[in-house]
Amino acid sequence: MKMKHPYRLFSWYFKRNALPYWFILILDCLIIYFSAFFAYWMAHGGAMMQQHFYAISNVMILYLLVCVVSFKIYSTYSGIIRYSSFVDLQRVGFANLTSLIVIILLHYGVYRLPAAKLEHLTTRHLILTFFIATLVMWGVRVLVKVMYDVVRTTESSKRVYIYGVHDGGVALAKSIRSQRPVRFTLRGFISPDPQYAHHRLMGSKVHIQRDELEDALKRDKIEAVLVSPLRTRDFRNDEKLQDMLISNDIKIYMVEQRVRDALNKDGSDAMPLKEVSVEDLLPRDEIEVDMESVSRELTGHRILITGSAGSIGSEIVNQVAMAKPAALMLIDQAETPEHDIRLLMQRSYPDIPCETVVTSICNQGRMEKIFSDFRPEYVFHAAAYKHVPMMEDNPSEAINNNVYGTKVMADLSVKYGAKKFVMISTDKAVNPTNVMGCSKRICEIYVQSLDSELKRQGKTGSTQFVTTRFGNVLGSNGSVIPLFKEQIKKGGPVTVTDPNIIRYFMLIPEACKLVLEAGTKGNGGEIFVFDMGKPVKIAELANRMIRLSGAQGVEIKFTGLRAGEKLYEEVLNDMESTKPTFHEKIRIASVREYNFDEATRDIEELINIAKQFDDMATVKKMKEIVPEFKSNNSKYEVLDK
């Protein structure tokens with residue numbers, strides 16, 4: 001019969017279930033038993049050991065009863081050897097030490113028995129016996145663990161480096177070693193800190209981010225890099241390293257943020273990993289929001305959310321629901337997405353009274369009925385038409401939905417005593433170059449002037465109006481990233497309007513957290529602007545998405561700026577300055593204030609003009625209300641001359 005290769009034998013063993021506890025117990029007893037003979041042989045030679053063989057054997061069998069009790073106390077045989085840790089080795093050491101102390105106390109009575117004839121089995125021999133036995137027992141466990149680590153490196157596991165060498169990197173290394181089935185095999189660490197050059201960690205070499213790193217990645221045939229949860233920010237901001245990894249077809253994995261937060265609260269060491277998408281690699285800092293204080297403001301209150309089926313609105317629904325409000329009123333005119341939100345609430349928050357309504361915020365009669373019956377205390381107004389090219393072609397609809405709809409909601413909030421009205425605006429409202437951005441600026445003007453008028457009249461306890469401005473959110477409906485993904489999936493081309501176009505991006509959950517904090521902590525009248533981090537060049541974003549996808553032959557096609565589009569978005573007007581707030585990522589814009597009566601008169605005139613569906617007349621009036629509105633790449637540029 002042909003003998004199996006040793007590797008296959010080990011592999012066969014490690015694919016089996018764990019050895020039974022009695023086998024490990026017998027193995028440890030045999031190690032102590034034979035260690036006694038070895039110690040005696042070292043002290044007195046083979047001839048003397050043979051002469052006292054049976055006496056030593058009889059006494060050691062008696063002593064093994066003590067060892068078995070000690071093993072039971074310290075549970076040395078209940079673990080799985082292949083997963084042995086330092087704690088398991090400690091248990092073995094303590095068990096043997098305890099056994100040794102008890103046996104030494106017994107020994108002086110035993111060796112004097114006539115049948116024992118063990119005058120030469122001294123305390124020194126017993127100490128040597130248990131010293132040898134402990135080393136062998138440790139060695140067996142370490143050997144089995146090492147062999148298991150070698151054998152379990154299957155073809156399906158990826159050879160990886162870990163980015164980060166401190167606690168997070170070590171914890172991540174331990175986490176992947178304990179995973180079953182094995183997904184990753186650790187081959188080294190990457191550190192941005194030169195002081196760790198030539199160091200080793202957990203038996204693996206630490207590589208520094210220098211020119212030779214790429215050679216090391218190729219030499220070790222690295223397939224993926226895992227990012228330490230404590231080094232995520234550094235990694236996101238190191239575009240050079242990211243590009244090098246992507247160009248070498250090396251996958252990048254990060255710890256899932258939400259899952260990690262939940263696990264850390266439970267004290268778990270598990271670290272679920274996911275392969276990164278382009279959203280994970282955008283250079284930005286983590287945004288920390290005091291959600292506990294936000295929850296305290298919202299708990300037990302009636303909350304109305306418009307645009308509840310949209311990207312921002314649906315996330316606000318989710319985060320508000322976690323605060324356990326007294327009741328929710330969710331409004332959107334998109335039937336199918338609103339039905340999805342209805343199912344989400346029934347599935348995830350069945351204890352929260354929630355009504356989902358399919359209607360338009362422009363339906364003044366329906367809104368009046370809702371406010372009269374529900375009496376919301378907080379209104380989060382996310383409903384809006386937001387697509388720039390669409391609104392450029394439909395300015396009357398932009399005014400009707402965005403401006404008139406906002407006016408309806410704001411006026412009803414005052415009439416029915418809502419505590420706070422939070423409007424979600426956009427960075428396109430700053431120095432607007434398109435109809436959509438200008439319509440949102442007009443919304444800002446109305447709610448801010450309304451807040452000022454209420455304060456001027458001294459109406460205590462009246463509705464506080466808060467506006468929040470931010471840029472593009474990753475993954476929102478109609479944003480570039482879902483579009484690029486679809487185009488890449490189809491083989492291209494990926495369409496980008498201009499090689500130099502840049503945008504600010506923020507994750508939807510982060511944006512909504514900032515909205516909730518600004519909305520609940522604002523005093524009314526403020527326009528809060530969010531720190532959007534570093535701008536992103538859209539062409540580079542498209543190129544990175546193509547490389548991350550692994551697609552070949554996908555080209556980028558430049559189509560030219562769309563109507564109303566500009567190369568870059570601003571968060572603040574040139575004439576504006578900002579003031580700090582309760583959060584380092586949130587600031588208050590100092591903007592031009594409008595007289596409420598004049599603003600109302602102009603806006604009502606604009607709404608009436610829009611009802612005539614005369615695009616040029618509508619946009620002309622918009623430019624009168626917002627003088628900084630200068631059309632770009634649009635038919636309305638003639639109105640600026």
Side-chain angles (χ1 to χ4, degrees), residues 256-268 286-332 337-358 367 370-383 409 412-413 416-424 461 463-466 468 473 507-524 528 530 582-583 585-586:
E256 298 181 44
Q257 181 68 37
R258 287 186 177 181
V259 177
R260 186 180 79 238
D261 291 343
L263 289 170
N264 287 343
K265 290 178 182 177
D266 297 335
S268 172
E286 295 289 344
I287 296 176
E288 299 293 336
V289 174
D290 183 9
M291 291 305 293
E292 290 187 7
S293 65
V294 171
S295 294
R296 286 194 296 270
E297 290 286 332
L298 301 178
T299 300
H301 292 289
R302 297 181 305 280
I303 298 172
L304 185 150
I305 302 172
T306 70
S308 57
S311 305
I312 294 294
S314 59
E315 180 62 23
I316 289 178
V317 169
N318 184 63
Q319 293 187 15
V320 167
M322 288 190 286
K324 295 181 173 57
L328 283 175
M329 173 66 67
L330 309 181
I331 299 172
D332 203 292
E338 184 74 343
H339 181 257
D340 293 337
I341 292 298
R342 183 192 192 104
L343 296 178
L344 168 70
M345 291 301 300
Q346 292 174 351
R347 181 177 63 251
S348 302
Y349 307 100
D351 298 332
I352 298 176
C354 176
E355 186 172 351
T356 48
V357 178
V358 178
M367 292 300 105
I370 289 173
F371 271 82
S372 175
D373 293 344
F374 186 67
R375 301 280 174 157
E377 296 167 274
Y378 283 86
V379 175
F380 290 94
H381 179 44
M409 300 302 296
L412 290 174
S413 295
Y416 289 98
K419 178 181 177 182
K420 194 159 290 186
F421 181 99
V422 182
M423 190 188 79
I424 296 172
T463 307
Q464 296 176 339
F465 288 87
V466 173
T468 59
V473 287
L507 291 178
I508 292 176
E510 292 180 343
C512 292
K513 287 179 181 178
L514 290 174
V515 167
L516 292 177
E517 182 161 25
T520 55
K521 295 183 179 179
N523 296 316
F528 290 106
F530 299 163
F582 39 81
H583 194 290
K585 295 289 184 179
I586 304 175

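The model shown is predicted, which means the values in this text are computed figures rather than measured ones. The figures that follow rest on heavy atoms only: side chains count, while hydrogens, waters and symmetry mates do not.
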Heavy atoms, side chains only, cut-off 4.5 Å: are [X] and [Y] in contact?
X      : Y      : result
Val320 : Pro325 : yes
Met291 : Leu516 : yes
Ser308 : Glu338 : yes
Leu514 : Phe528 : no
Thr356 : Met345 : no

In Å and rounded to the nearest 0.5 Å, what is the [atom1] to [atom2] distance from [X] to [Y]?
X      : Y      : atom1 : atom2 : result
Ile508 : Glu315 : CD1   : CD    : 7.0 Å
Arg375 : Leu304 : CZ    : CG    : 13.5 Å
Met322 : Leu298 : CE    : CG    : 11.0 Å
Lys420 : Asn523 : NZ    : CG    : 6.5 Å
Arg342 : Glu355 : CZ    : CD    : 8.5 Å

What closest approach, in Å, do [X] and [Y] show between heavy atoms, and which atom pair accounts for it?
X      : Y      : answer
His381 : Thr306 : ND1-OG1, 2.8 Å
Ile341 : Ser314 : CD1-CB, 3.5 Å
Ser413 : Phe421 : OG-CD1, 3.2 Å
Ile352 : Ala321 : CD1-O, 3.2 Å
Ile305 : Gly313 : CG2-O, 4.2 Å
Pro509 : Gln319 : O-NE2, 3.1 Å

Ile316 vs Ile424, test: side-chain contact (heavy atoms from CB on, under 4.5 Å). Steps then yes/no. CA-CA 11 Å; Ile316 289 178; Ile424 296 172; 3.4 Å; yes
Applying side chain to side chain contact (heavy atoms under 4.5 Å, CB included) to Ser293 and not counting sequence neighbours gives Asp290, Arg296, Lys521
Arg302: which residues meet the salt bridge (Lys or Arg N to Asp or Glu O under 4.0 Å) condition with it, sequence neighbours left out? Glu377
Verdict with supporting geometry, Tyr349 and Lys324, side-chain contact (heavy atoms from CB on, under 4.5 Å): CA-CA 9 Å; Tyr349 307 100; Lys324 295 181 173 57; over 6 Å; no
Can you spot which of Phe374, Phe380, Tyr378 makes a side-chain contact (heavy atoms from CB on, under 4.5 Å) with Pro376? Phe374
side-chain contact (heavy atoms from CB on, under 4.5 Å) between Val515 and Ile312, worked out: CA-CA 10 Å; Val515 167; Ile312 294 294; 5.5 Å; no
